[in-house]
Chemist: 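I have a structure I would like to understand better, so I am pasting it below and will then ask my questions one at a time.
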Number of protein chains: 2
Amino acid sequence: MVRDKAETKARILAAVGRLLAESGFRSLGVNAIAREAGVDKVLIYRYFEGLPLLLQSFAQEGDYWPTVDELVGDESAVNAETLADWMAYLLSRFSDQLQERPMTQEILRWELLEGNELTRELANVRDKFALDSLNFLAEKESFPPDKDIPAISAVLVAGVVYLMLRTKSSSTFMGIDFSSPAGWQRIQAALDTIVQLTVDGKP
Amino acid sequence: MVRDKAETKARILAAVGRLLAESGFRSLGVNAIAREAGVDKVLIYRYFEGLPLLLQSFAQEGDYWPTVDELVGDESAVNAETLADWMAYLLSRFSDQLQERPMTQEILRWELLEGNELTRELANVRDKFALDSLNFLAEKESFPPDKDIPAISAVLVAGVVYLMLRTKSSSTFMGIDFSSPAGWQRIQAALDTIVQLTVDGKP
DNA sequence: TATCATGGTCACCGAGCGGTGACAAGCCCG
DNA sequence: CGGGCTTGTCACCGCTCGGTGACCATGATA
């Protein structure tokens with residue numbers, strides 16, 4: 001209708017994003033995308049040579065992960081001194097950022113369910129972001145040699161991610177109610193407790 | 001072929017379990033189940049009144065969660081004194097049990113992706129198991145009032161579950177390689193560190 | 001004005017899905 | 001023996017899916 005290839009391609013890519021954020025990756029079919037974009041599906045094949053390459057294009061363009069700078073925010077305004085302070089702060093920010101990014105949540109779900117080439121690529125991007133964050137921490141204060149800070153971080157981040165992904169479909173986990181802010185505050189407090197006692201505590 | 005209603009029903013239920021463990025919940029369709037069971041799909045409708053009730057039957061019969069007794073194992077042989085010792089022990093056992101139960105992993109994935117009546121029921125069963133475990137801990141040694149042991153447990157269990165579910169499709173997380181035992185040993189050690197320093201540490 | 005590549009529309013294909021109606025084979029009980 | 005019930009088989013429906021070929025519309029160029 002518009003006779004503009006670039007715009008049509010952009011429309012299709014935008015439709016992928018909308019569909020992903022709203023309905024999850026299971027609804028990412030050629031028909032659904034074309035419908036959402038208001039475009040004939042044959043154009044998907046013409047412009048992207050099929051769904052896999054379309055998704056790959058989307059993965060390269062989309063900014064579903066924050067940069068470390070975005071994660072940290074205004075560094076001078078952060079009231080953190082010790083390594084534990086910084087870890088707790090980053091965890092808290094990570095949790096907030098993740099909550100605001102349904103598309104990112106959906107990608108994490110996707111990684112969990114399907115091990116294809118695309119999700120592996122997405123996982124690489126995510127892991128790069130994670131390592132950047134670890135490096136940022138290490139520059140603040142070098143890691144204590146007697147504790148495996150990356151492994152500890154992995155457990156805590158994994159916990160946050162899992163709890164976050166759960167809340168969409170189920171509201172309680174281990175007796176904690178995540179439908180109210182109170183539940184999340186308990187988790188937040190628990191994270192603080194863990195980080196402070198584990199990272200700064202004497203070995 | 002066998003003209004035995006009870007056995008046919010059992011076959012169908014068994015097929016659900018096999019299919020779930022091997023191919024995940026996304027392949028749980030009427031056609032696939034009937035094929036796997038070597039049974040005409042019309043019998044599923046006759047005997048279970050459709051897929052939802054079949055899955056409900058399966059959920060009630062299947063033992064995808066261990067009991068707390070199974071989780072603990074031979075209690076007298078456990079070398080644990082403090083609350084932290086017990087928590088670390090249970091976490092470790094939980095991790096092992098989960099690794100051995102692909103069907104349980106698949107149910108956890110399912111809970112994460114779909115919020116229907118069935119998964120909510122499954123979530124209830126799981127949460128009951130979790131609360132039983134917490135009660136078991138509380139009987140060993142009452143929780144310190146200045147720490148939110150359930151919330152701390154939730155974070156750690158969530159972390160273990162997430163890392164476990166990831167390993168099927170992706171082998172690294174935050175730079176840790178989970179394809180080798182070494183990666184898991186780091187996680188195990190991190191959990192021990194966290195629990196010991198957090199639960200037994202001074203507030 | 002005629003040509004021709006580009007961008008878009010439409011109709012169709014085979015396959016798999018969930019779901020149903022009609023019918024055949026075996027069995028119990030009169 | 002002969003109804004009637006149970007158990008299982010088969011064929012079919014409508015729908016959506018991914019994927020493709022044929023065609024129409026537009027606009028630049030010769």
Side-chain angles (χ1 to χ4, degrees), chain A residues 1-59 61 106 109-110 113-119, chain B residues 1-59 61 106 109-110 113-119:
Chain A
M1 199 57 128
V2 204
R3 291 193 71 73
D4 183 336
K5 179 172 173 177
E7 187 186 321
T8 301
K9 287 182 74 171
R11 270 213 224 176
I12 294 174
L13 285 169
V16 171
R18 252 174 290 140
L19 222 48
L20 188 55
E22 289 166 18
S23 318
F25 61 91
R26 274 161 316 169
S27 62
L28 273 191
V30 181
N31 291 302
I33 293 172
R35 220 178 296 132
E36 170 78 21
V39 148
D40 196 292
K41 66 177 171 178
V42 81
L43 300 181
I44 291 179
Y45 291 97
R46 255 194 232 156
Y47 294 158
F48 297 96
E49 302 168 32
L51 215 161
L53 286 185
L54 165 58
L55 295 183
Q56 192 173 315
S57 289
F58 175 79
E61 307 234 343
E106 215 53 47
R109 281 200 182 81
W110 202 353
L113 259 282
E114 276 171 40
N116 50 41
E117 198 158 340
L118 175 62
T119 61
Chain B
M1 200 60 129
V2 204
R3 293 195 69 75
D4 184 333
K5 177 172 176 178
E7 187 185 323
T8 301
K9 288 182 73 170
R11 269 213 223 177
I12 294 174
L13 286 170
V16 171
R18 251 174 290 140
L19 222 46
L20 188 55
E22 289 166 19
S23 318
F25 61 91
R26 274 161 315 172
S27 62
L28 273 191
V30 181
N31 290 304
I33 294 172
R35 220 177 298 132
E36 172 77 23
V39 148
D40 195 291
K41 64 177 171 178
V42 81
L43 300 181
I44 290 179
Y45 292 97
R46 275 232 267 274
Y47 294 157
F48 295 96
E49 302 169 30
L51 213 162
L53 287 185
L54 165 59
L55 295 182
Q56 191 173 315
S57 289
F58 175 78
E61 307 234 342
E106 215 52 47
R109 281 199 183 81
W110 201 354
L113 261 282
E114 276 172 38
N116 50 41
E117 197 157 340
L118 175 63
T119 60

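Quick caveat, the model's predicted, so the values are computed rather than measured. We name chains A, B, ... by the order of the sequence lines, and we start the count at 1 in each one.
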Chemist: With rounding to the nearest 0.5 angstrom, report the CZ to CD1 distance, A:Arg18 to A:Ile33.
Modeler: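 Going from the CZ atom of A:Arg18 to the CD1 atom of A:Ile33 covers 11.0 Å.
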
Chemist: Can you measure B:Tyr47 atom OH to D:dG8 atom C1' for me and round it to whole angstrom units?
Modeler: 7 Å

Chemist: Tell me whether the OP1 or OP2 atom of C:dG7 has a side-chain N or O from A:Thr8 closer than 4.0 Å.
Modeler: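 Looking at the OP1 and OP2 atoms of C:dG7, neither is under 4.0 Å from any side-chain N or O of A:Thr8.
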
Chemist: Could you grab the distance from atom OG of B:Ser23 to atom CD of B:Glu36, nearest 0.5 Å is fine?
Modeler: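 Going from the OG atom of B:Ser23 to the CD atom of B:Glu36 covers 7.5 Å.
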
Chemist: Without decimals, in angstroms, what is the distance between B:Leu43 CG and D:dT7 C1'?
Modeler: 7 Å

Chemist: Looking at CH2 of A:Trp110 and CG of B:Leu113, how far apart are the two atoms once the value is rounded to the nearest 0.5 Å?
Modeler: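 So the CH2 of A:Trp110 and the CG of B:Leu113 are separated by 12.0 Å.
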
Chemist: Grab the CZ-P distance between B:Arg26 and C:dC17 for me, whole Å please.
Modeler: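 Checked: the CZ to P distance equals 14 Å.
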
Chemist: Quick check for you: to the nearest 0.5 Å, what is the distance between A:Leu55 atom CG and A:Glu117 atom CD?
Modeler: 12.0 Å

Chemist: Sugar-phosphate means primed atoms, P, OP1 and OP2; the rest is base. With that split, encode nucleotides 14-25 of chain D 5' to 3' as B, S or - using protein heavy atoms under 4.0 Å.
Modeler: ---BBBBBB--B

Chemist: Compute the angle between the rotation axes at the two ends of the helix from C:dT1-D:dA30 to C:dG30-D:dC1, each taken over five pairs, rounded to 10 degrees.
Modeler: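 Here the local axes at opposite ends form an angle of 30°.
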
Chemist: Separation of B:Lys5 atom NZ from D:dC5 atom C1', in whole Å?
Modeler: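 The distance from NZ of B:Lys5 to C1' of D:dC5 comes to 12 Å, rounded to the nearest Å.
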
Chemist: So, for A:Ala34 and A:Asp40, which heavy atoms are closest and what is the spacing to 0.1 Å?
Modeler: CB-C, 4.1 Å

Chemist: Could you state the interatomic distance from CG (A:Leu118) to CG (A:Leu51), rounded to the nearest 0.5 Å?
Modeler: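 Here the rounded value is 9.5 Å.
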
Chemist: Just how far is it from atom CG of B:Leu43 to atom NZ of B:Lys9, taken to the nearest 0.5 Å?
Modeler: 11.5 Å

Chemist: Using a strict 4.0 Å threshold on nitrogen-to-oxygen distance, state whether B:Glu114 and A:Arg26 make a salt bridge.
Modeler: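 Salt bridge flag = yes for A:Arg26 with B:Glu114.
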
